[in-house]
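Comments concern the structure below.
Just so it is clear: chains get the letters A, B, ... in the order the sequence lines come, proteins before strands, and each one is counted from 1.
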2 protein chains.
Amino acid sequence: MSLALRDSPLVAEATRDRIKEHARAIGYIYNRRAASLRTSRSGIVGVVVHDIMNPFYAEILRSIEMELDRGRQTFILSNHYDDLEKQRNFIDTLLQLGADGVIMSPAIGTPPEDIMVAEHNGLPAVLVARSVDGADVPAFRGDDAYGIALATNHLISLGHRRIVMIGGTDQTSTGRDRYQGYVNAMEAAGLELRSGWRLPGPRNKQAGFEIASQFLALKDKPTAAVCWNDLVAIGLMNGIARAGLRPGVDISVTGYDDLEEAAIATPALTTVWNGQREVGRRAARVLLDRLNGAAVKTTLELIRPELHIRQSTGRPVERT
Amino acid sequence: MSLALRDSPLVAEATRDRIKEHARAIGYIYNRRAASLRTSRSGIVGVVVHDIMNPFYAEILRSIEMELDRGRQTFILSNHYDDLEKQRNFIDTLLQLGADGVIMSPAIGTPPEDIMVAEHNGLPAVLVARSVDGADVPAFRGDDAYGIALATNHLISLGHRRIVMIGGTDQTSTGRDRYQGYVNAMEAAGLELRSGWRLPGPRNKQAGFEIASQFLALKDKPTAAVCWNDLVAIGLMNGIARAGLRPGVDISVTGYDDLEEAAIATPALTTVWNGQREVGRRAARVLLDRLNGAAVKTTLELIRPELHIRQSTGRPVERT
DNA sequence: CTGAAAGCGCTTACAG
DNA sequence: CTGAAAGCGCTTACAG
């Protein structure tokens, strides 16, 4: 009977149909726990990111969902909110449930052992959006240094000279890479980097909105802001508008990620497409490949970002 | 040993600590599948909504997460995208995994049997945000007719006479209730309801943004829009601004839900707080109570909404 | 080809 | 109080 229900070729079609019909009639429910106990495959994949409600991760999750659906895997989502303890608990839960694999965007400060402990207990891991040095697993993310340089160079080419970087943290590889990309672009253009021209921290709209007054009060009167991501950029533009200045005219602003929202912001946001869909799709595929026993290379793959120019950037205007 | 690991009082403290220490040393992993097979409790709760990436549901999910964490339940999230088949598959998966319960915001057109099938197979259900007539389970949502009347009456009291309702669908109880609340308020004020003054459909920013031109082209030149939710309202305001008009001045706009974003929109959005946190918290608690064997009443509970007045509404201005 | 039996890792009722 | 045994519902290797 169990063979028939799983469409085994060992069972004749007519027999199979009859059995399935009967199973439905008596309200039979397949017990995956029991099957999993026997086969040590559960059909469950864990996915953990900083915050699933953040649209950047949401876009990655959507493409992961599509791929895993195709592979008939159930997925369990969780936020770690950059709390290492929460992340460890989640991996523990996956191990206890006998999950088949995990896709994670590791919490800030994740030691490689926290990832390898999963691997060593038969839970293959794939990283997205962030990578961890010393963790010998496949990882997919955008080329941040290159991407932020695209945005910075775009502003420089428009004639901006006093460009501030807003948001992000030095505690992730992404944070360091983006800041470095900005620094490199500025130095390559022979532009000065004054202290106070980096306002680290903001990563969401609210924080971008709140930092606007601090940005506008800088004594150098910068004419442009390279933002950590689209959320910060949109929040900042709202804050600039609230202060009576026109984003895209008085102040140029760039975002990062190219969320769906970037195109309908006011003004439409110039930003860097970060390949979320691509990252999610490839991570899910490589995990499915691993589950099917394929040998995959455990290296970091960088997706090449693209600049999308819209209305939030223009020639510099001096404020008086 | 199993007693010791579960902190049973039957085992002396010293013994327990020694066993736990040893378990850690040898890398013991508790097998929840096996335990669940034996006890028929899995510690898993399913949560399914239209779209977890929608901030409205995201806010509900966050409070559900907090409560379930406290009850030491793992939760599995899923989107149904208003696809009944997807929703059925998810409930099937939960049954197969032996989940302990499910919290759902049912897909459009969910027949009560689709919910009762879970109940009858030992998977207690609780509804959030939407209710289903004939499904004998607890449900929590806002009082939509009352809430939308708050917004409509606010506009009327400012002097608006030509007020359009934008977004939503008649296919959910929520959709019907909100439209009815708008109609009731208009009629109570003796205001005319012209055809074309309802633009159904939009439920997200993109759609709100795109419908702006259609709204602005209405021959009656309405002075205000009551929007289905905050996302539509923010999209609409962006569309209005793109067309060169000033939302909050030339056109008054109200939202619904009071997302975190509403307060930092430009202009800050006048909207109706819909009790997302409250809905999620109470739904999770009642489910945990059911899991602990408590008898709970299976009735619909309406959370009373509140109007939050900000800058997107003002006295009417005639357009020429 | 078919059917009965073993075993996955727990928990719990029961015998000693 | 302690320890061995039964059984949850599957899958699969094996005997017939």
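Using a cut-off of 4.0 Å between Lys/Arg side-chain N and Asp/Glu carboxylate O, B:R285 and B:E67 are scored as salt-bridged. B:R72 has no carboxylate O lying under 4.0 Å from a charged side-chain N of B:D69, or vice versa, which leaves the two without a salt bridge. Salt bridge A:D177/A:R130: absent, no basic N to carboxylate O contact under 4.0 Å. Between A:E85 and A:R88, at least one side-chain N (NZ, or NE/NH1/NH2) sits under 4.0 Å from a carboxylate O, which counts as a salt bridge.
Atom C1' of nucleotide D:dC8 and atom CG of B:L97 are separated by 16 Å, given to the nearest angstrom. Atoms CD (B:Q96) and P (D:dC8) sit 20 Å apart, rounded to a whole Å. Rounded to whole Å, atom P of D:dT11 lies 12 Å from atom CZ of A:R32. The distance from atom CZ of A:R38 to atom C1' of C:dC10 is 16 Å, rounded to the nearest whole Å. If you measure from atom CZ of A:R33 to atom P of D:dT11, you get 14 Å, rounded to the nearest angstrom. Across the protein-nucleic acid pair, A:N31 atom CG and D:dG9 atom C1' stand 5 Å apart, rounded to whole Å. Distance A:L37 CG to D:dG9 C1': 9 Å, rounded to the nearest Å.
When each of C:dC10, D:dG9, D:dT11 is scored by its nearest atom to the side-chain atoms of A:A34, the top-ranked nucleotide is D:dG9. The side chain of B:T39 sits closest to C:dT11 out of D:dC10, C:dT11, C:dG9.
Remark: DNA chain D takes part in the stems C:1-3 with D:14-16, C:5-12 with D:5-12, C:14-16 with D:1-3, each of 3 or more antiparallel Watson-Crick or G-U pairs, criterion distances under 3.5 Å.
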Fill in: Pair A:R282-A:D289, salt bridge (Lys or Arg N to Asp or Glu O under 4.0 Å): steps then yes or no
CA-CA 10 Å; A:R282 293 182 61 180; A:D289 285 349; over 6 Å; no
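Each of A:V102, A:L97, A:V45 was evaluated against A:I76; a single residue qualifies, A:L97, per the side chain to side chain contact (heavy atoms under 4.5 Å, CB included) test.
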